[in-house]
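Here is how names work: the chains are called A, B, and so on, in the same order as the sequence lines, proteins then strands, and each is numbered from 1.
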2 protein chains.
Amino acid sequence: MPELRKTVVEIEGRLHEEYVVVDGEDLPAWPEDRVLSRVGQPLPRVDARAKVTGTARFTHDIQLPGMLHARILRSPHPHARLRRIDVSGALAVPGVLAVLTHENVPELGWPGRPLFDTVLRYQGAEVAAVVAVDEAAATDALDKISVEYEPLPFVVDLEAAVEPDAPRVYPEGNVSADEASVYVRGDTDQGFAEADVVVEANFRTAAQLHNCFETHGSVCSWDGGRLTVWDSTQHVFGVRKTLAQAFGLPMHDVRVIKQFMGGGFGSKGGTGRYTVIAALLARQTGRPVKLLLDRREENLATGHRHNTLQYIKLGARSDGTLTAIYHQVFAGVGAWGWVAPVGGPARELYRCPNVKTEEYAVCLNLGPDSAFRAPGYVEGTVALEGAMDDLAVALGMDPIELRLRNYADTNQPRNLPYSGKGLREAYRIGAELMGWHLRETTGYLPRKRTILATLGGGGNHSPEGEQPPAGPGGVEDLVCWPGTQPEDLPPHRRRGLGMASQIWGGGGGPPAHAEVRVNPDATVTVATGTQDIGTGTRTVLAQVAAEELSIPVEHVRVLLGDTEAGPYGPISAGSLTVASVGPAVRAAAADARRQLVELAASLLDAKVEELILKDGRVEVAGSPERGIALRELTARLGNFMVTGHGSRGPNPEDVAVHTFGAQFAEVEVDLETGAVEVTRIVAVHDSGRIINPLTTSSQVEGGVIQGLGFALSEERAVDPQTGRVLSADLENYRIPTALDVPIIDHVMVPGADLAANNLGAKGVGEPPIIPTAAAVANAVYDALGIRPTDLPLTRPRVLAAIKRLEEAAQAVEAGAESGKEQAGEGGTR
Amino acid sequence: MPELRKTVVEIEGRLHEEYVVVDGEDLPAWPEDRVLSRVGQPLPRVDARAKVTGTARFTHDIQLPGMLHARILRSPHPHARLRRIDVSGALAVPGVLAVLTHENVPELGWPGRPLFDTVLRYQGAEVAAVVAVDEAAATDALDKISVEYEPLPFVVDLEAAVEPDAPRVYPEGNVSADEASVYVRGDTDQGFAEADVVVEANFRTAAQLHNCFETHGSVCSWDGGRLTVWDSTQHVFGVRKTLAQAFGLPMHDVRVIKQFMGGGFGSKGGTGRYTVIAALLARQTGRPVKLLLDRREENLATGHRHNTLQYIKLGARSDGTLTAIYHQVFAGVGAWGWVAPVGGPARELYRCPNVKTEEYAVCLNLGPDSAFRAPGYVEGTVALEGAMDDLAVALGMDPIELRLRNYADTNQPRNLPYSGKGLREAYRIGAELMGWHLRETTGYLPRKRTILATLGGGGNHSPEGEQPPAGPGGVEDLVCWPGTQPEDLPPHRRRGLGMASQIWGGGGGPPAHAEVRVNPDATVTVATGTQDIGTGTRTVLAQVAAEELSIPVEHVRVLLGDTEAGPYGPISAGSLTVASVGPAVRAAAADARRQLVELAASLLDAKVEELILKDGRVEVAGSPERGIALRELTARLGNFMVTGHGSRGPNPEDVAVHTFGAQFAEVEVDLETGAVEVTRIVAVHDSGRIINPLTTSSQVEGGVIQGLGFALSEERAVDPQTGRVLSADLENYRIPTALDVPIIDHVMVPGADLAANNLGAKGVGEPPIIPTAAAVANAVYDALGIRPTDLPLTRPRVLAAIKRLEEAAQAVEAGAESGKEQAGEGGTR
C-alpha cells in the first residue's frame with residue numbers, strides 16, 4: 001500500500017524536507033552489467049525536428065485571437081522617489097486600452113514586493129504598464145507617460161555598499177548580520193593554530209546576467225474565472241501556485257503552459273512580476289495579453305548571478321592535510337534577493353574538521369538577483385580552488401595530490417557517506433587527457449616556485465566588526481616568476497595549465513509523479529508535470545520509459561510543460577529533473593510493464609514469472625515461439641489501455657547523493673594585450689549513469705562555455721557616476737561566441753550510482769559550469785605566476801596584473817643586482 | 001496487486017467484451033442509508049457560467065493563426081457516376097490554395113469508404129473539397145468546380161428497396177440475408193401454437209435527423225509530424241485511433257480535443273470524413289484548416305436514425321402470459337451503415353420463452369445512418385409496446401396489468417438476474433401521477449372494446465421468402481369505436497392516455513481511468529480522458545470526487561475532452577459515462593483520500609482506523625479537537641501533491657445491469673385537423689442512484705422532447721421523383737419548439753443499484769427517449785381507437801386514420817341499421 005514519507009532533498013546547495021510517496025519497494029536500479037539498449041544511446045532530441053523547422057511554439061510564438069500587447073515603463077534611475085505620474089498622454093495614444101500604475105493597481109495576494117512602488121530602488125523597476133492592440137502602440141505610449149522622479153542617493157558598488165556611511169537601499173541598511181547564513185563545523189581558530197601553512201586570499205566575482213536565448217515573457221488569458229498562462233518558466237506548478245495566491249483563485253483554476261523554452265538558467269524559476277501584470281491587464285481588458293521583455297529589461301530586472309567579495313583562508317599541515325577553512329562571502333543581491341550557497345564548496349568539498357562559512361547579502365541599487373546555474377558554487381569554487389592552488393604552491397605539492405590528500409568520503413555537513421563519488425576517477429582521467437604530467441616536465445611553470453614578492457590585494461569587508469577584515473594590504477597576492485617558456489610559443493605569450501574540482505547536488509528527490517499510458521498500437525504516452533527547459537527532458541524521459549518497456553524510443557511521447565498535462569512535477573532547477581522525474585517515469589513504466597506481462601500470461605497460458613518483455617514482444621523465456629507481439633497484445637485489449645503509475649521514492653536515508661567532477665584548463669595569455677585564450681578544456685564529471693550521452697554532451701559543453709564567459713568576459717558593468725547598467729545588451733555584455741569556444745574534451749566517469757535512485761542517474765545540468773572559471777583562473781596563475789582574484793579576466797585586469805608582476809620582477813631584479821650572492825638565476829630554482 | 005480481467009459490457013443494446021483493471025477489491029457502493037451531501041444535490045453545471053457568458057470554446061470557436069477554411073462539394077444526385085471533374089476554375093478563385101478530388105486524394109490507411117468516390121450513392125456524397133484563406137472564397141470556389149455526372153437509377157424508399165427488381169445501391173443488392181442479425185430463444189412456432197390470442201401489426205418509423213445544436217466539424221493542425229484536431233466528437237480517443245490509422249501515425253502523435261460540445265446524439269461517435277479531409281488539407285497546405293459542416297450537409301451526410309419497417313406478432317394465453325414474440329425489422333441504413341438493435345426490447349423486455357427477432361439492413365440511396373440516442377430501442381419499443389397495447393385490448397386487460405403479468409426478473413438473453421429493476425415501481429408511480437385509474441372511470445375509451453372492423457394495413461417485406469410476410473391485407477388494424485367523450489372537451493377533440501415501458505443498458509463497464517490530484521490548497525484536479533457532450537459530465541464527476549473527499553464541489557476541477565488531459569476514457573454513448581468514468585473517479589478519489597488520511601495519522605499521531613475525513617477536515621472520530629484541516633495538511637506537504645489513481649472495476653458477472661422506466665402520455669387529437677397535442681408526459685425512470693437531479697432532469701426532459709419529435713413531427717422527407725431530401729434544414733425538418741413541449745412530470749425511482757458499480761448509479765442519457773413515442777402512439781390509439789402504426793403522427797397521417805375510422809364506423813352503422821336486432825346502441829357495450 002503506498003505510503004507517504006519525508007525525505008531530505010538538496011536543491012542548489014540547500015537542504016529541504018519534502019514528502020514523497022512510497023509505493024511498495026522502490027525498484028532497484030538497473031545493475032551495472034545490465035545491457036541497456038535505449039538508455040545510454042546518444043539519441044538526437046525527440047523534439048529536434050520541431051525546433052529546427054520552427055513548429056515548436058515558444059511563448060513568443062503564442063498568438064491568440066484578440067490578443068493585446070503590453071509594455072512596461074521602467075525607472076531610468078537607480079534610486080528615486082516617484083513624485084507624480086500622469087498617464088493621460090499614454091491613454092490618448094490610439095490603440096491603448098489601459099495603463100496600470102501604483103495609483104490604480106488592484107490589491108492582490110501576490111507575495112512579492114509591490115508591483116509598482118513609489119520608491120524605485122533600481123534602474124528597471126516597474127513604473128507603469130501599458131496595454132494596447134499592438135506592441136508599437138504600447139511602446140509609443142510609454143513615451144507619453146509623464147513621470148516626475150526625485151533622484152535619491154544610490155549605491156551600486158559592492159565594496160562601497162558595506163561601508164557604514166554608504167547610501168542605503170533600505171533605511172535599515174544594506175547588510176544585515178542577523179540574516180547572514182553562518183555555518184560552523186569544529187573550531188577554526190584551533191584549526192588554524194594547528195596549521196603549518198596558512199594561505200588566504202580575497203576574490204571578486206562579477207554579476208553574471210543570464211541572457212537566455214528566449215527572454216522572459218508571458219501570455220495571459222482569462223476564461224471566465226480561470227486563468228491560463230503561457231509562460232517562459234522553469235516551474236509550471238510553481239507559477240500556478242503563486243498566481244493562484246495572487247489572484248485568490250483555487251489552484252485548479254490556473255493553468256500554466258510551457259511547451260518549449262529557449263533556455264532557463266535559474267532566473268525563470270519564480271513567478272515574474274511581468275506575468276502578474278499581464279494577468280491583471282488581461283483581466284481588466286477581458287482579452288489575452290502578451291507581455292514579453294526585451295533584452296534590456298531582461299538584463300535590468302529579471303535577475304542575475306550576484307557579484308561577490310570573498311575572503312578565504314586555508315590552514316594545512318605540511319603534508320597537505322587541511323586543518324581549517326574559513327570562507328566569508330559578501331554577495332551583492334541587488335534591490336532584494338537571496339544569497340546563494342557560495343560557501344557550499346568550502347563546507348563540503350574537502351575533508352576538514354574545522355570549517356566556518358559566513359554568507360552575507362548586500363543590497364544594492366540594482367535589479368534583484370536570482371539563481372543562476374549552480375548558484376553560489378560557481379563563485380565559491382573560484383575562491384576555494386584558487387586558495388587550494390595557492391596552498392599547493394606554498395606546500396610545493398601537485399594540486400591534484402593536495403586534493404587527494406583531503407579527499408572526502410563522506411558528506412561532512414550531514415555526516416553521511418556518499419552514494420557514489422567518482423571524483424578520484426575524474427582527477428585521474430582528466431589529468432591523463434590533459435597531459436597533466438607534462439606540466440612538470442615541459443615549459444609550464446615549475447611547481448616549486450620562488451615567491452618573489454607579495455602584492456597588496458583589495459580590502460575585505462565584514463559587517464558590524466565581524467572577524468578578519470584585514471583592510472588594504474592585509475591580504476596579499478602570491479607572485480612568482482614565470483618558468484621557462486615553451487618553445488612553441490612566441491615570447492609575448494605564456495601558457496598555463498590549471499584544474500579545479502566540482503561538487504554539487506543533482507541527486508534529485510523532490511516529489512514527482514508520472515503516468516504511462518500504453519496506446520492500442522503499443523505506442524506509449526508518458527504524462528508528467530515537469531517541463532523541458534531546453535536540456536532534453538522529453539528525450540531522456542522517453543528513453544527511460546522505452547528502456548523499461550523494451551520498445552523503440554520513437555514509440556514514446558512525453559507530455560510535459562503544462563499543469564494539466566500530467567501529475568505534479570518539480571521545478572527544473574538544481575539539476576534534479578533526471579533524478580526526480582526519471583525514476584517516477586521508470587516506476588510508472590514498470591507498473592505498465594507488469595500489467596502487460598500479466599495480461600500476456602493469461603493469453604499465453606503461462607506463468608508471469610516465466611515471461612519476459614523484450615523488444616516489443618512478451619514471450620516465455622527460452623521458448624520464443626510461445627510469445628505475443630506487444631502490439632498484438634495491446635490491440636487485443638480493445639478499448640482498454642494499460643495505464644501505469646509511478647512516483648519517485650524517497651532519497652536514501654543512509655547516504656548523501658551528489659555529483660562530482662574535475663575540469664582542466666589550458667590557457668595562453670598574451671602579455672602584450674592581456675588577452676586570455678583558453679585553448680582547451682578537459683571536463684570529467686561523475687553524474688552516475690548517463691541516460692543520453694548526446695544531451696549530456698550538450699550540458700557539459702554549455703556549462704563549460706557559460707563558465708568561460710563567467711571567467712573571461714561576462715560582467716554586468718555599472719557606471720558608478722550614474723548608477724546605470726552599461727551592459728544590459730548583448731553588444732556590451734559579452735557572452736562567448738562560437739569563436740571563443742576552445743576544444744572541449746569531456747568524459748563522464750563510467751558507472752551508475754546504484755544507491756542514488758532507480759535509474760542510478762544524477763543530474764548534469766549545473767555541474768559542468770562549476771569548476772570552469774576556477775580551472776581557468778588557476779591556469780592563468782600557472783601561466784603568469786600571479787593569482788587572478790578578480791573575475792572576469794578581461795584584458796585590462798590581466799594587463800594590470802602583468803604590470804604588477806613586471807614591477808615586482810623589476811624590484812626583485814633590482815634587489816638581486818644589489819645582493820647577487822643571495823640568488824641564482826632569477827625566476828628559476 | 002492490480003490485475004486485468006475481461007468484462008462483458010452492453011453498449012447500445014449490443015454486448016462487448018472489454019478488459020478492465022481490477023485493483024484490489026473494488027469499493028462497495030455507498031450504502032442506501034449513507035447520507036451523501038455532494039452526490040444527490042441538484043447543482044447547476046460547473047461550466048454553466050462559461051457557457052452562458054460565451055467563454056466556453058466550441059469547435060466552431062477555434063481560431064488559430066494562419067487558419068484556412070475548407071468547404072466540401074457534395075453530390076446533388078442520389079445516385080450518379082462521376083464522369084469528369086475540372087477544378088481549374090476553383091483554383092483560379094483568389095484565396096483558394098488547393099482542391100481535393102478522387103483524382104488527387106492521397107492514399108490513406110483510413111478504414112472507411114473512399115473519401116471521394118467515382119460512384120456517388122447519395123445526395124451529399126463528397127465530390128471535392130476546397131481550402132481557401134476564408135470561408136467565402138472556399139464557398140465561391142465550390143461553384144467554380146465543373147462536374148459531369150451520369151445519373152443512375154436510385155432507390156430512396158424502404159419498401160421499394162426490398163423488392164427484387166428495385167434499383168440497386170450496390171450490385172449485390174440492397175438487402176443481405178446473410179448479414180441479418182437473427183436471435184432465437186425457444187421455439188416461436190410452438191409458442192404461437194400454444195397461444196390463446198395472437199396479435200400482429202406492422203409499424204413504420206421515419207428516419208430521424210440528429211440536428212445537434214452544434215454541427216459537425218473539425219479544426220486540424222499539423223505540428224511537424226503531429227496532428228492536433230479540435231473535433232465535435234463523442235469520443236476523443238476513438239477519433240485519435242482512427243486518425244492515427246488513417247495517417248499512419250503512432251497514436252501518441254495524434255491529439256484530439258473536444259472541450260465543449262453542442263450536443264451529441266450518436267452521429268458524433270465515429271470519425272468524420274470531413275475530419276480526414278481537413279487533416280489532409282492541413283497537411284498539404286502546412287496551415288491549420290477549419291472545416292465545419294452547415295446544417296444541410298449535416299443532415300445529408302453525417303447520419304440519421306434509420307427508418308424502419310417492422311412486423312411484430314405476439315402470442316399469449318388468455319391470462320395474458322406471453323407464449324411467443326416474433327419481431328422482424330427492415331432498417332433503411334442508407335448508402336451504408338448498421339442496423340441498430342431494433343429487436344432489443346422484444347428480446348428483453350418481457351418474460352417469454354419463445355422469441356425470435358430478425359434485423360435486416362436495407363441499403364438506400366441516402367446518406368449513411370448512425371447511432372441516434374437509444375438506437376433501435378426507440379423504434380423497437382414503438383412496435384413492441386404498440387403490440388402489447390393491442391394485446392391488452394384483445395384480452396380486455398389493463399395494459400399495466402398485462403405488463404406485470406409478463407414482468408421479467410432476469411435478463412433472458414444472458415440468463416442473469418438484474419442487478420436492480422425498478423420497473424414495477426415505475427409503473428406504480430407513473431400510474432398514480434398520471435391518474436391512470438381515471439382511464440377506467442372517466443371519458444377515456446372503455447377498456448373492453450367492441451372490435452368493429454379490421455382494416456387492411458401496409459404490406460410486410462421479408463427477404464428471400466422468409467417467414468410470415470402476409471402482403472397487403474395480411475395484417476389488420478384493430479379498430480374500435482371511441483368511448484364516451486370527456487365533458488371538458490369540445491366534440492372535435494378526443495383525449496387519450498397511453499403508456500409504454502423502457503429497458504436499456506446504461507450500466508457502463510467500458511474501461512475508464514481517472515487521476516485525482518490534490519493541490520497544495522486542497523483543491524482537486526480530476527484528470528480523465530472522457531468528454532462532456534453536453535450532459536453535465538464535468539459536474540457529475542466533480543460531485544463524485546467531492547463526495548469521496550468530503551470537500552466542496554467547487555473545489556474540484558475536472559479535466560476532460562482531450563486525449564492528453566488524462567488517461568483513457570470511453571466513448572460518451574450508450575448512457576455509459578456516469579457508470580464507467582464515475583466509478584473510476586470515485587476509486588481515484590478514494591485512493592487520494594486514503595493517502596491523505598495516512599498522512600494525517602502520522603501528523604496527528606493517531607491510527608488510520610480512528611480517523612475520518614469530513615467537510616475538509618481529518619480528525620479522530622469522537623475527538624474533533626484532534627484534527628487538521630485538509631488545507632493545512634496539503635499545505636504542509638510543500639511541493640508534494642497527493643495523487644490518487646483509479647480505474648473502473650469489471651462489471652459484476654452474476655447480474656445484468658440495466659436501466660428501466662415507464663412513461664405515460666396524455667394526448668388530445670383534433671378530429672378536424674388531425675393535430676395530436678401531447679398535453680402531459682409522466683416519466684418515471686430507474687437509473688439507480690442519481691448523482692445530480694438537475695442534470696438528470698435535463699436528460700429526462702431532453703429525451704422526452706426528442707421522443708415527442710420522433711413521435712409527432714421529425715421525419716426526413718425524400719422526394720420519390722428526384723431522390724432528394726426535402727427536409728435537410730430546420731425549416732422543413734420539424735424538431736419540437738418550446739411551444740410544443742407539454743408538461744413533463746418526471747420522477748426517478750428512488751434507490752441505488754448497489755450491485756451495479758461503486759456509485760450505485762446507472763446512465764440516464766438515453767432511457768428517457770425510448771418509451772415516449774410508444775406511449776404517445778398508445779395514447780392516440782386510446783383517443784381514436786385506431787392503432788397508429790406509421791410514425792411520425794403528422795396531421796395528414798392522423799387525418800387519414802380518422803377517415804378510415806369514420807368509414808369503418810359508417811360501415812358498422814350501416815350494418816347495424818340492417819341488423820338492428822343483433823346489437824344495442826352502436827359503439828357502447
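Two residues are said to be in side-chain contact when any heavy atoms from C-beta on lie closer than 4.5 Å; B/P567 and A/E515 meet this criterion. Taking the side chain as every heavy atom from C-beta outward, A/M641 and B/P511 never approach each other to under 4.5 Å.
Ion pairing of A/R557 with B/E564 is present here, as a side-chain N (NZ or NE/NH1/NH2) and a carboxylate O approach within less than 4.0 Å.
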Legend entry - Worked verdict on A/N519 versus B/R240 for side-chain contact (heavy atoms from CB on, under 4.5 Å): CA-CA 10 Å; A/N519 299 317; B/R240 183 182 78 144; 2.6 Å; yes
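In this structure, chain B has no heavy atom under 4.5 Å from any part of A/A512. Contact of A/L249 with chain B is made through the backbone alone, with heavy-atom distances under 4.5 Å. Contacts between A/P570 and chain B at a heavy-atom distance below 4.5 Å are absent for every atom of the residue. Both the backbone and the side chain of A/P250 come within contact range of chain B, each with at least one heavy atom under 4.5 Å from a heavy atom of that chain. When heavy atoms are compared at a cutoff of 4.5 Å, A/R648 does not approach chain B at all. Of the atoms belonging to A/Q63, heavy atoms from both backbone and side chain fall under 4.5 Å from chain B. Neither the backbone nor the side chain of A/E17 comes within contact range of chain B, judged by heavy atoms closer than 4.5 Å. Interface residue A/L637: backbone and side-chain heavy atoms are both found under 4.5 Å from chain B.
Comparing B/T563, B/D253, B/T643 by how many heavy-atom pairs each has under 4.5 Å with chain A, the most go to B/T643. For the set A/I571, A/T525, A/L559, the entry with the most heavy-atom pairs within less than 4.5 Å of chain B is A/L559. Ranked by heavy-atom pairs shorter than 4.5 Å toward chain B, the options A/G224, A/G529, A/S602, A/P520 are led by A/P520. Note on A/R636, A/R226, A/H16: by heavy-atom pairs under 4.5 Å with chain B, the leading option is A/R226. Between chain B and the residues A/L599, A/L64, A/D562, the largest count of heavy-atom pairs under 4.5 Å involves A/L599. Considering only heavy-atom pairs separated by less than 4.5 Å from chain B, the leading option among A/A50, A/A244, A/G566 is A/G566.
The closest donor-acceptor contact from the side chain of A/H645 to the backbone of B/H645 lies at 3.5 Å or more, if one exists at all.
Among the candidates A/T523, A/V524, A/V518, the single residue satisfying the side-chain contact (heavy atoms from CB on, under 4.5 Å) test with B/M251 is A/T523.
In this structure, the separation between OG1 on B/T53 and CG on A/D223 is 7.5 Å, given to the nearest 0.5 Å.
Note on ring orientation: taking the six-membered ring where Trp is involved, the planes of B/H513 and A/F640 are tilted (angle from 30° to 60°).
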